[in-house]
Amino acid sequence: MKKSLLMSAAFFVGASGMATANSDLQALIDDPTQWAIQTGDYANTRYSELEQINKDNVGKLQVAWTFSTGVLRGHEGSPLVIGDIMYVHTPFPNIVYALDLSNNGKIIWKYEPKQDPNVIPVMCCDTVNRGVAYADGKIFLHQADTTVVALDAKSGEVKWTAVNGDPSIGETNTATVLPVKDKVIVGISGGEFGVRGHTTAYDMNTGELVWRAYSMGPDSDTLIDPENTTHLGKPVGPDSGTNTWEGDQWKIGGGSTWGWYSYDAELDLFYYGTGNPSTWNPAQRPGDNRWSMTIMARDPDDGTAKWLYQMTPHDEWDYDGVNEMILTDQEVDGQMRKLLTHPDRNGLAYTLDRETGELLVAEKFDPVVNWTTGVDMDPASPTYGRPAVVAEYSTEQNGEDVNSTGICPAALGTKDQQPSAYSPKTGLFYIPTNHVCMDYEPFRVSYTAGQPYVGATLAMYPAPGSHGGMGNFIAWDNIEGKIKWSIPEQFSVWSGALATAGDVVFYGTLEGYLKAIDASSGDELYSFKTPSGIIGNVMTYEHGGKQYVGILSGIGGWAGIGLAAGLTDPNAGLGAVGGYAALSDYTALGGQLTVFKLPD
């Protein structure tokens, strides 16, 4: 498939149909001086039209101001800017600050929820939170204990709360929420505790539960229409959420939904991915384990699934499919297509038609990926859409209590949740990646509600025979399925990227550097070391006629769990502690927002 033309103007997906989106939020998203949603826009592009900071002057950036969050551990997500107010969040206990940008960042209000600290040990991979959302004069926070809170954006007053899960059985939250029309759509974490993942819509004004769609289970639970919901163009048929599970294993089947959500107002569909099946020992759950590891397209009004695509049937490596779904309109083989691009944990980057779910591209975005030789792209084949598993790296074929070595990527994937960016000017996707492999030994485990349900021991290390580091920052062509250029990094790139109309792309590093690079060439244009490692997402806004760039630093997350939680056992943190032990030589705990500007 050849790329004949990239229509950059078509990047603004669904513009003609935006009346069906939340009009208040959409107006703010359309104003590049604001940063009104964690993903930059409904399409998850993390692209800003601001160009005051550009590739010719970005090297002159300087720190404008800083703000200490007062909290340690991993700081993911980013602030929001709505008018003259910046909203900053923290990891557990999930404090929210409203800062006055017109008065030297004075704290207007502070919300500090009183959560039971017993939720902390139930959180798989640090106490992170990926940020608040805004719509209709309210700030929405999904706390670690699964309480969804609506706050008055001006005063911080609690307008309503809703309990979305039960930490006593392992249900927690780390994700932001998606405001769409009059609803707030939220997910759930807990795949390592045997929860059954779900996505839920709450009424934006009252907090009333409107619908809930489980990742697996009967059709009435998954909100799947057997005749009209499709998988690779064909109806899924009845009982698709149970008939690839043994017995009642689906009831503790995983498929959690803690990633990023996108929305196309013209098609009136929202998109997200489901996580790993439970347990990590594949021998205990024969079958494809649908609908874990699946891209889902759903109607936001009632949750009904239009189409599904399971990327990694019967996952054997913990390759959660929750990463971002980036929506673009591009020309493919002479025809304009509504596309969805998804760089998955499993090391394959997928391009699909987001209207129909047709699979167009599935290619490795790190050359070291070795668990599969690739995806069957022949629609006439009985294995169409399935990855071909390499026996040497199959944890099931090698068997329980056998250590499968040299599997690439590691369980944290070729990328984890750290979101990519897309520039309509270059037509490229900018993807933060992990360059990490693993040893994986599954063992039999029994389920007890609220207790870890993992069943595997892991060790992680840099990809052998490569540049020696654990990460790359790459530019990806989603039509050709090829890497255009790659920047090696010593550690995984765990920061969300930002692309701008100034032809600059920003990202952060685990050592704590904010970096600015040329969007076309990848040449480094600027670097500044913040006080702690960066796992947050770069954002930008304009205030008082001046463009600013902001980033949260605070080491943690899965890659930094050793530092964040004080762990030293190399196999702790699901194998990450040993792999990232050297991080302690470069950074330390801290929670700070750093904001940059050009000199006056």
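Sequence positions, counted from 1, serve as the residue numbers for this chain.
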Within the structure provided, determine whether [X] and [Y] are in side-chain contact (heavy-atom separation under 4.5 Å).
| X | Y | value |
| --- | --- | --- |
| Leu498 | Val505 | no |
| Asn94 | Leu141 | yes |
| Thr90 | Tyr97 | yes |
| Tyr513 | Ile534 | no |
| Pro93 | Val71 | yes |
| Ile29 | Gln34 | no |
| Asp523 | Ile517 | no |
| Gln592 | Leu552 | no |

To the nearest 0.5 Å, what is the distance between [atom1] ([X]) and [atom2] ([Y])?
| X | Y | atom1 | atom2 | answer |
| --- | --- | --- | --- | --- |
| Asn370 | Cys408 | CG | SG | 4.5 Å |
| Ile37 | Gln26 | CD1 | CD | 8.5 Å |
| Leu352 | Leu339 | CG | CG | 9.0 Å |
| Met325 | Thr39 | CE | OG1 | 13.0 Å |
| Asn164 | Gln143 | CG | CD | 11.5 Å |
| Leu178 | Trp260 | CG | CH2 | 11.0 Å |

Nearest atoms (heavy-atom pairs only) where [X] meets [Y]:
| X | Y | value |
| --- | --- | --- |
| Gly275 | Ser292 | O-CB, 3.4 Å |
| Ser520 | Thr426 | OG-CG2, 4.0 Å |
| Pro79 | Val88 | CB-CG2, 4.2 Å |
| Pro277 | Asn289 | CB-CB, 4.0 Å |
| Ile431 | Pro343 | CD1-CB, 4.0 Å |
| Tyr261 | Gly187 | OH-CA, 3.4 Å |

Does [X] reach the main-chain N or O of [Y] with its side chain, forming a donor-acceptor pair under 3.5 Å?
| X | Y | value |
| --- | --- | --- |
| Asp126 | Val128 | no |
| Gln490 | Gly469 | no |
| Tyr319 | Asn276 | no |
| Gln38 | Ser78 | yes |
| Ser423 | Ala499 | no |
| Ser256 | Ser189 | no |
| Glu192 | Gly190 | no |
| Lys338 | Asp353 | no |
| Asp439 | Gly406 | yes |
| Thr351 | Val361 | no |

Inset, instruction - Go through Thr69 and His75 one step at a time and tell me if the side chain to side chain donor-acceptor pair (under 3.5 Å) criterion holds. - result: CA-CA 9 Å; Thr69 67; His75 283 59; 2.8 Å; yes
Proximity of [X] and [Y] rings by center, below 6.0 Å:
| X | Y | value |
| --- | --- | --- |
| Tyr263 | Tyr42 | yes |
| Tyr422 | Phe429 | yes |
| Tyr580 | Trp558 | no |
| Tyr507 | Phe473 | yes |
| Tyr350 | Tyr309 | yes |

Indicate yes or no: does [X] engage [Y] in a salt bridge with an N to O separation below 4.0 Å.
| X | Y | answer |
| --- | --- | --- |
| Lys515 | Glu489 | yes |
| Arg354 | Asp329 | yes |
| Lys415 | Glu324 | yes |
| Asp320 | Arg345 | yes |

Inset, instruction - Take Arg298 and Tyr272, measure what side chain to side chain donor-acceptor pair (under 3.5 Å) needs, and give me the verdict at the end. - result: CA-CA 9 Å; Arg298 291 188 181 272; Tyr272 67 99; 2.8 Å; yes
Inset, instruction - Walk me through it: do His142 and Thr176 pass the test side chain to side chain donor-acceptor pair (under 3.5 Å)? - result: CA-CA 6 Å; His142 195 180; Thr176 187; over 6 Å; no
Inset, instruction - Applying side chain to side chain donor-acceptor pair (under 3.5 Å), run through Asn571 and Thr457 and close with a yes or a no. - result: CA-CA 7 Å; Asn571 295 121; Thr457 301; over 6 Å; no
Legend entry - Qualifying residue for side-chain contact (heavy atoms from CB on, under 4.5 Å) with Thr341, from Asn44, Asn478, Ile479, Leu327: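 For Thr341, the side-chain contact (heavy atoms from CB on, under 4.5 Å) test succeeds with only one of Asn44, Asn478, Ile479, Leu327, which is Asn478.
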Inset, instruction - List the steps, then state whether side-chain contact (heavy atoms from CB on, under 4.5 Å) holds for Phe92 with Asn129. - result: CA-CA 7 Å; Phe92 185 93; Asn129 184 280; over 6 Å; no
Inset, instruction - Kindly determine whether Glu49 and Tyr47 satisfy side-chain contact (heavy atoms from CB on, under 4.5 Å), including the steps that lead there. - result: CA-CA 7 Å; Glu49 289 286 352; Tyr47 176 79; 3.6 Å; yes
Legend entry - Phe67 atom CZ: more than 12 heavy-atom contacts under 6.0 Å: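 Yes, enclosed.
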Inset, instruction - Check the angle between the aromatic planes of Phe365 and Trp476 and answer parallel, tilted or perpendicular using the 30° and 60° thresholds. - result: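 Aromatic pair Phe365/Trp476 classed perpendicular.
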Inset, instruction - Return each pair, listed once, that meets ring pair (Phe, Tyr, Trp, His ring centres under 6.0 Å) where at least one residue sits in residues 520-541; pairs must be two or more places apart or across chains. - result: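 Non-adjacent pairs meeting ring pair (Phe, Tyr, Trp, His ring centres under 6.0 Å): Phe528-Phe596, Tyr541-Tyr548.
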